[in-house]
Each structure stands twice: as structure tokens, then as C-alpha cells.
Participant: 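I have a structure here, written as C-alpha cells, and I will follow up with some questions on it.
Heavy-atom basis, side chains included; hydrogens, waters and symmetry copies ignored.
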Amino acid sequence: MKTALTNIYPYSIRKEYMQTNSHTALRMALLLIAALLVTLVAGCAKQDSGQKVGGTADAAAKVYVAPGSYDDFYAFMSGGFSGQVSVYGLPSGRLLRVIPVFSQDPEKAYGYCEESKGLLMTSHGFIPWDDAHHPKLSQTNGSADGRWLFINGNNTPRVARIDLKSFETEETIEIPNSSGNHASPFITQGTEYVVAATRFSLPIPNRDVAIDSYKENFKGTISYIKVDSATGHMNIAFQILVPGFNYDLSHAGKGPSHGWSFFTSYNSEQANTVLEVNASKNDKDMMAAVNWKKAEEYVAAGKAKTWKTQYYHNYLDEGRWARSEVMNEVKVLDPKDCPGMIYYLPTPKSPHGSDVDPSGEYIVAGGKLAALIPVHSFSKMIKAIENKEFEGDIEGIPVLKYESVLAGEVQNPGLGPLHTEFDGKGFAYTSMFLSSEIVKWKLGTWEVVDRMPTYYSIGHLLIPGGDTRTPFGKYVIALNKITKDRYLPTGPELTQSAQLIDISGDKMQMLLDFPTIGEPHYAQACPASLLTGNSIKYFNIADNKNPYAIKSEAEAGVKREGNTVHVYMSTIRTHFAPDNIEGIKAGDKVYFHVTNLEQDWDVPHGFSIIGLNNSELLVMPGDTRTILWEPKAPGVYPFYCTDFCSALHQEMSGYVRVSN
Amino acid sequence: MRNFLLGIVGISLLLLTSLSAIIGCSSTPETEAERLARWQAGQLNAFEDLHGIGPIKEEIQLGPIDQAKATIGGEIFKTKCMTCHRLDSKLTGPPLRTILKTRSAAYVMNQILNPELMGKLHPEGKKLMAQYMQQMTIQGITHDDATNIVEFLRIKADQPPANE
């Protein structure tokens with residue numbers, strides 16, 4: 001525990017220091033003590049492998065990517081409460097792109113332009129924000145295939161699919177009978193399904209009941225969303241009704257355990273108030289093992305009940321226009337009717353992460369409040385099921401004996417184990433939230449072999465391919481919740497951060513800190529070569545099927561339909577067509593349909609007009625985007641290109657005349 | 001006279017190049033990368049000086065005007081070229097009615113098919129870039145359609161200016 005303690009002391013003292021605004025003498029004293037401790041820590045850390053804080057020439061050389069050169073890996077990081085996904089290059093830590101997913105982004109007109117607004121539709125109406133936690137790359141045979149990235153929306157339960165040719169959100173689907181969609185969207189090894197599960201149980205179907213009737217009325221659901229292997233389109237295949245615990249995280253089986261998914265849960269106490277105490281009483285909570293192939297059989301055999309509900313399925317059509325379908329039913333399986341479909345594995349203690357090793361044999365649970373890391377064995381689980389080694393059942397779900405399924409326990413790993421990733425060389429890396437460190441341990445012997453302090457309060461961690469059958473290893477990234485004093489202060493709110501650590505040797509080596517967008521939860525990374533060849537450079541104008549697209553300037557013009565005016569506008573370096581528009585009346589609804597006629601990489605044009613109440617447009621080459629403008633008073637209104645496109649960019653402008 | 005001199009220089013260069021190739025015992029043709037490096041070094045050969053740099057590497061032998069191709073070329077001219085060009089007046093780019101009287105068909109095709117490098121690396125293209133302050137845009141035009149546009153421009157070249 002030495003590293004854990006040395007890590008915590010200077011942090012807490014510096015925290016005190018930061019919060020004290022008066023008593024200069026006290027501050028100075030604390031600062032001196034902190035400095036002394038930091039010196040001591042640095043001294044201690046030195047003999048403890050490459051754990052010292054800060055960069056060395058060696059570390060710098062390992063993250064240096066020369067100007068004009070490419071990074072080796074793409075990393076996709078969840079934006080947490082920003083609702084977005086950010087794309088980084090590794091090892092440089094350079095931010096390459098922010099992909100809007102669940103939150104509006106005026107820079108890209110995402111959620112503002114008419115084409116994209118539908119992606120944010122739900123049964124609760126238009127929702128311009130969500131909390132995005134767990135990006136997952138699509139897989140073929142258990143390895144990342146570079147086609148799509150899926151990510152969950154926690155708050156208004158949704159799953160989104162991002163296309164990795166365009167780096168754009170193409171589809172969102174709402175999850176009915178769910179809330180707090182946290183154990184999502186962990187995918188099966190052939191991208192057959194992405195999953196979703198309730199972190200917050202509910203009366204299902206939702207209805208007006210007393211909150212303290214939780215044990216009687218509240219249930220959870222685990223949803224399997226089928227992914228079309230050609231188009232990526234999502235469709236909720238079935239939901240499994242489960243006891244009202246808080247389903248937290250998941251991973252699918254792989255190799256021999258393909259066909260199963262494993263979900264941690266906490267609050268087996270089924271408390272509905274003061275959860276920090278009341279949901280932490282039991283020594284063990286339940287990990288759910290779901291045999292989804294069995295579930296498919298039960299659905300095919302007609303065992304599912306069809307429930308009336310309402311949820312939205314939104315996707316880009318062939319004209320890249322978001323269409324919203326309102327779905328009215330969902331198939332629900334009750335474990336009581338479906339023996340062999342789901343089992344509970346007792347797991348200490350409010351487990352968080354649920355991580356399956358590359359072989360598919362070991363299922364590691366982050367025993368969040370436990371002093372050990374329990375590892376379940378898939379083969380032992382199958383035997384225990386055959387031999388009916390049950391200690392009871394919960395609402396028709398057999399509970400296996402802990403000892404019968406246990407492969408081993410990592411003893412004294414640190415405090416607050418959360419998530420585990422694998423390097424493909426027989427080692428596992430687990431994040432320790434409370435003791436702020438990554439612990440490397442050996443699969444099979446369960447012994448801790450190395451530790452690396454992280455700054456501070458690590459949540460998830462990432463190894464490229466570290467949750468697949470084929471980890472690429474090389475780096476582990478700590479995704480930290482708190483940075484405090486690690487960066488220049490920026491007022492009360494500070495950036496969250498990622499830390500890049502070299503794992504190519506026996507001992508971990510800290511290489512680099514870099515800030516992240518929003519709060520990073522999970523992240524995924526893959527070799528750049530998996531994506532670079534597929535990344536599109538522009539949309540082919542001949543294939544533009546937007547109903548308001550124009551293919552040449554000759555088609556540009558203005559059409560009036562009552563109080564609605566459609567402006568069919570084109571852009572090309574360096575002008576708009578038309579660039580002078582008259583005949584608009586105050587109170588009209590004016591839709592600007594802007595088609596970018598460019599057929600060249602990295603030549604978007606922008607469009608903005610004074611008094612626009614939503615956002616600019618940023619139109620990719622060959623694409624069409626539409627924005628609504630409602631002029632309220634007569635006058636002349638300039639519009640212009642917002643993206644510096646050429647030497648004559650400043651000339652790329654025009655006027656709209658508005659009359660009474 | 002200038003072209004004649006350039007031609008002589010070009011032929012000498014070609015001879016020198018082939019000679020050095022023979023001496024070097026290497027008969028491999030120039031790769032795309034080598035060609036680009038040569039252009040970037042400003043070492044254009046005589047053909048390239050006259051006919052531009054790009055996918056057209058030989059003179060285009062023009063036969064009788066092909067009316068069908070010219071009609072297709074006219075349509076493309078309307079949808080793609082007219083965003084920036086007119087036949088008789090200056091717009092974003094230069095007027096094009098008589099372009100085939102001053103430039104070869106191969107040059108025009110290279111300009112259409114390889115506008116970025118023509119603007120950056122060809123001496124004539126660089127002059128136009130300085131004059132119009134604008135790189136000609138890539139329009140995704142195929143080789144076939146470039147020949148169609150040439151047929152269209154051949155017809156227009158002999159017609160009187162229109163009132164645009």
C-alpha cells in the first residue's frame with residue numbers, strides 16, 4: 001500500500017491548500033509541507049521503477065509525433081456529461097475531432113439543422129443532451145473491425161451508432177422500460193447485439209406507485225438490440241425482466257463464452273433511499289450471466305410477451321436526413337418462463353466493472369467496495385450449472401455458489417477496484433479509484449506484479465483492444481475523474497484528464513498527461529490503419545439524395561409556398577448562389593438548403609445570417625444542410641461563409657432583403 | 001520562339017534523362033512519386049511545360065468535332081464549370097470561349113483533371129493563381145467527361161461572343 005499512501009498525502013494536503021483563501025502563513029506552511037512530501041514521494045518513487053512524476057527525455061521521445069506525421073492509434077473517448085465522443089491520436093494525445101452524439105453542437109449544426117434534429121427525438125420529445133459513457137467499437141470474431149462505434153446515453157436511455165467512414169452519428173435508438181442506461185452498449189463478439197440495462201429500476205411498465213413500494217413494484221430490464229450486419233441498423237430484439245437491482249456494467253463473452261453476457265449489479269438490498277448505506281450492506285451482490293442464444297430460442301419459440309410501450313428509433317435515410325420512427329411494442333422475456341437463460345453469480349461487494357479476458361474464460365468483477373478482485377471462471381460456471389450447484393434462487397433466477405464458479409481472487413490489490421483491461425500477454429490491469437492507481441496482476445496466479453499511481457481518482461482505463469480477443473497492448477490509459485493541481489487553474493472547474501502509460505516492458509512507465517473533453521468514462525482504441533483507408537474525403541455530389549439538394553448553380557433559386565420560403569443555395573469557392581435574395585417578408589419561415597458543390601477533401605463551407613436563432617451551417621463537400629431562419633422585421637440582412645475557405649473567403653457573402 | 005527554345009531544352013533534358021537511364025542500367029519508368037518530386041523541384045519537361053502536368057501525358061489528337069460528345073460536354077459545362085466560369089466574361093475564373101486557341105486540349109484536360117497541382121506547381125497555373133487568387137476546384141470530372149468538355153469548347157471557340 002506504500003504507493004497508494006504516498007499518492008494520497010500530497011494530494012489531500014494540496015487540496016486543503018487550494019481551498020484556503022486566507023491565512024497566508026498557514027498556506028505557506030502547508031505549501032512547504034506539501035513540497036517536502038512531494039520531494040519525499042519523488043525520492044521513494046524513483047527506486048520503484050519508472051513511476052516518477054513528469055516527463056523524461058525517454059518518455060518525451062515515446063510520445064513525440066513529428067509535425068505532419070500520423071499517430072499509431074485512434075482513441076475514442078466518451079465525453080460523459082458533454083454527451084459527445086472525442087477522438088484522440090495516440091501516443092501524442094492530440095485531439096483530432098469531437099463527434100456530436102447526444103448533445104447539440106452549433107459548430108457543426110448538429111441537432112440544429114433540419115437534417116440532424118431527428119436524431120435527438122425521444123418519447124419525451126426533443127432531448128438536446130445526454131450523459132455518454134461507454135463507447136464500443138464494432139467487432140468481427142472478437143476483434144475491432146473499424147466499422148462503427150456505439151455509445152450509450154445514460155439519462156434518457158438511448159444507444160447511438162457512429163459511422164467510422166464519416167465520423168458522424170447515423171442512428172439513435174431509445175430504450176423503453178429502462179432508466180439510467182449504464183450497462184450499455186457492450187457488444188457481442190460478432191456485433192450480433194449491443195446491450196442495455198437499467199441502472200435505476202422502475203415500476204415496469206412505469207406507473208404512479210409509492211417509492212417505498214420498491215421491493216414489490218420495481219424491476220430492471222436487460223435489453224438486447226440486434227445490429228444489422230450490413231447496415232448497422234439497430235432494432236430491439238427482446239428485453240429480459242429482472243429483479244430490481246442496479247445493473248451497472250457488462251461485457252459479452254468471447255471464444256468459448258461467446259453466446260453469454262455478464263452484467264454486474266449492486267443494491268441487491270433493493271434499497272430506495274440513502275443508498276450509500278442501505279445498498280452497501282450485503283457481502284455479495286449479483287452478477288447476471290445471460291445466455292442470449294438461449295434467449296433467442298425462447299423468443300423464436302414464442303415465449304416472449306409483447307408489451308405495449310413507446311420509443312423512438314432515429315436514423316439517417318439515404319438522403320442523410322434523420323427519420324424518426326415511433327415504435328409501439330417490445331418483446332419481453334420473463335426468466336420464470338425461460339429456464340437456463342439467466343443465472344446469478346454472487347460477487348463481492350457492489351461490483352462495478354464486468355470484464356472478460358481475451359481467452360473468454362475469466363470474468364473479472366471490480367468489487368468496488370471489496371478488498372479483493374474476484375475472478376469468475378466460465379468453464380466452472382458451466383459445470384456448476386450442469387451439477388446444479390445452486391444456493392437458492394431469486395425470482396426464478398438460480399443463484400450459483402460463489403466457490404463453485406470462482407477462479408481466484410486478487411488479494412490486497414488496492415482500494416476501490418473498478419475496471420479491468422488485458423494486454424494479451426497474460427496480464428490484467430485494474431483501475432483503483434480510491435487508492436488512485438493502476439494495478440497490474442497475472443491471470444491464473446492472481447498475484448500483483450506492478451503498480452502505477454494515477455493523478456487522480458481513476459475511473460475507467462483503456463488498453464487498445466484491451467477488451468477484445470486480440471489486445472494490441474503497448475499502452476494503458478488512465479481516465480481520471482479529478483485533476484486538481486495537475487494543470488494551470490481555470491477557475492472552479494478543471495479539466496478531466498487522461499494519462500498515457502507504456503506497458504511494453506515489465507514495469508509500467510508514465511509517459512504523458514493530456515486533458516479530455518467532458519468527463520471521460522470508458523474509451524476504445526484501435527490501430528489507425530484499421531480506419532484510415534475507409535475515411536471518406538467528401539460526399540459524391542452525384543449521390544446526394546437530400547430532397548433539397550441542387551447539383552449545379554443553374555438549379556439555385558427561391559421558391560415560396562405560402563409563408564414558407566425555400567432557398568436552394570449552392571456554395572463553391574468563393575461565392576453563394578444566389579447571393580442577393582429579395583421578396584422575403586417579415587414573419588416568413590425561410591429554409592436555407594445549402595449544397596456545397598465542392599468535390600475536394602477538407603473544403604466545407606459555412607453559412608450564417610444575422611438573427612439566426614439556432615446555429616450556423618457547416619456543409620461538407622457534396623452534402624446539403626438546411627437551417628430555418630425567421631426574420632421578424634423588414635430590412636437588409638447579410639449572410640456569409642463562416643469557414644475560412646480561400647483567399648476570397650471574405651468576399652463570400654450576400655444579402656437578403658426582407659419587406660413588409 | 002520561346003516555345004521553340006523550351007522545346008530544345010526539353011528535348012535535351014529528355015535525351016539526358018534517357019542517357020543517364022541507360023548509363024545507370026535502369027530502364028524502369030518514372031514512378032508517380034518520382035514524377036511528383038520532380039514537379040516539386042520545378043523540373044518540368046517540355047511536354048509538361050506546354051501541355052500541363054497531370055494524367056494527360058501525350059498530345060491529344062483531335063479529329064472531326066464529335067457533336068454527341070459536345071452535347072454531353074455542354075451539360076457538364078453548365079453544371080460544373082459555370083459555377084466559376086463564363087464563356088466571354090471573367091468570373092471566379094477566366095473566360096473560356098477561346099481557351100483552345102491559346103492552350104492545347106491536353107493542357108485544358110490536365111487543368112480540369114489535376115487543378116490543385118496545376119495551380120501549385122505549373123508555371124502557367126501559378127500565374128493564374130496569382131491573378132485570380134483562387135485555386136480551381138476539384139469537381140470529380142472523369143477523363144471521358146474532360147474530353148466531352150473539350151469537344152464542347154471546340155464548337156464554342158468558333159462562335160461569336162454571346163451577351164452573357
Participant: Nearest 0.5 Å, what's the CD-CZ distance between B:Q135 and A:R573?
Facilitator: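 CZ of A:R573 is found 5.5 Å from CD of B:Q135.
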
Participant: Quick check for you: to the nearest 0.5 Å, what is the distance between B:Q134 atom CD and A:H649 atom NE2?
Facilitator: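 Going from CD on B:Q134 over to NE2 on A:H649, the span is 12.5 Å.
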
Participant: Can you tell me how far the CG atom of B:L91 sits from the OG1 atom of A:T574, to the nearest 0.5 Å?
Facilitator: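 Those atoms lie 9.0 Å apart.
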
Participant: Quick check: are there more than 12 heavy atoms from other residues, nucleotides or ligands sitting under 6.0 Å from CZ of A:R94?
Facilitator: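 Yes, because the 6.0 Å sphere around CZ of A:R94 holds more than 12 heavy atoms from other groups.
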
Participant: Would you mind checking which part of A:I541 comes under 4.5 Å of any heavy atom in chain B, side chain (CB onward), backbone (N, CA, C, O), both or neither?
Facilitator: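 When you check distances to chain B, only side chain atoms of A:I541 fall under 4.5 Å.
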
Participant: So which heavy atom on A:E553 is nearest to which on B:T83, and how close?
Facilitator: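 Minimum heavy-atom contact is OE2-O, 3.2 Å.
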
Participant: Looking at B:E58, I want to see if its CD is surrounded by more than 12 non-hydrogen atoms of other residues, nucleotides or ligands under 6.0 Å.
Facilitator: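 Not more than 12 within 6.0 Å, no.
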
Participant: So with a 6.0 Å cut-off around NZ of A:K545, is the heavy-atom count from everything else above 12?
Facilitator: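 For A:K545, atom NZ is crowded (more than 12 foreign heavy atoms under 6.0 Å).
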
Participant: Does CD1 belonging to A:I610 count more than 12 external heavy atoms closer than 6.0 Å?
Facilitator: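 No - once you tally the heavy atoms of other residues, nucleotides and ligands closer than 6.0 Å, there are 12 at most.
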
Participant: Measure B:M133 against the heavy atoms of chain A and call it side chain, backbone, both or neither at under 4.5 Å.
Facilitator: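 For B:M133, the contact with chain A is made by backbone and side chain together.
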
Participant: Under the rule for salt bridge (charged side-chain N to carboxylate O under 4.0 Å, His left out), what residues qualify as partners of A:E630, not counting sequence neighbours?
Facilitator: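 Expected list: A:K589.
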
Participant: Restricting to pairs with a member in residues 143-157 of chain B, which pass salt bridge (Lys or Arg N to Asp or Glu O under 4.0 Å), not counting sequence neighbours?
Facilitator: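 Sorted pair list: B:E151-B:R154.
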
Participant: Does any pair with a residue in residues 59-79 of chain B pass salt bridge (Lys or Arg N to Asp or Glu O under 4.0 Å), and if so which ones, sequence neighbours excluded?
Facilitator: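 Sorted pair list: B:E75-B:K78.
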
Participant: Just checking A:Y640: does its OH atom have more than 12 heavy atoms from other residues, nucleotides or ligands closer to it than 6.0 angstrom?
Facilitator: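 No - once you tally the heavy atoms of other residues, nucleotides and ligands closer than 6.0 Å, there are 12 at most.
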
Participant: What are the two closest non-hydrogen atoms of B:C84 and A:I572, and how far apart are they?
Facilitator: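 Closest approach of B:C84 to A:I572, heavy atoms only: SG-CG2, 4.1 Å.
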
Participant: Among residues 593-609 of chain A, which ones touch chain B with a heavy-atom distance under 4.5 Å?
Facilitator: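 The list, in residue order, reads A:L597, A:E598, A:Q599, A:D600.
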
Participant: Atom NZ in B:K80, atom NZ in A:K551: separation rounded to 0.5 Å?
Facilitator: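 It comes to 9.0 Å.
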
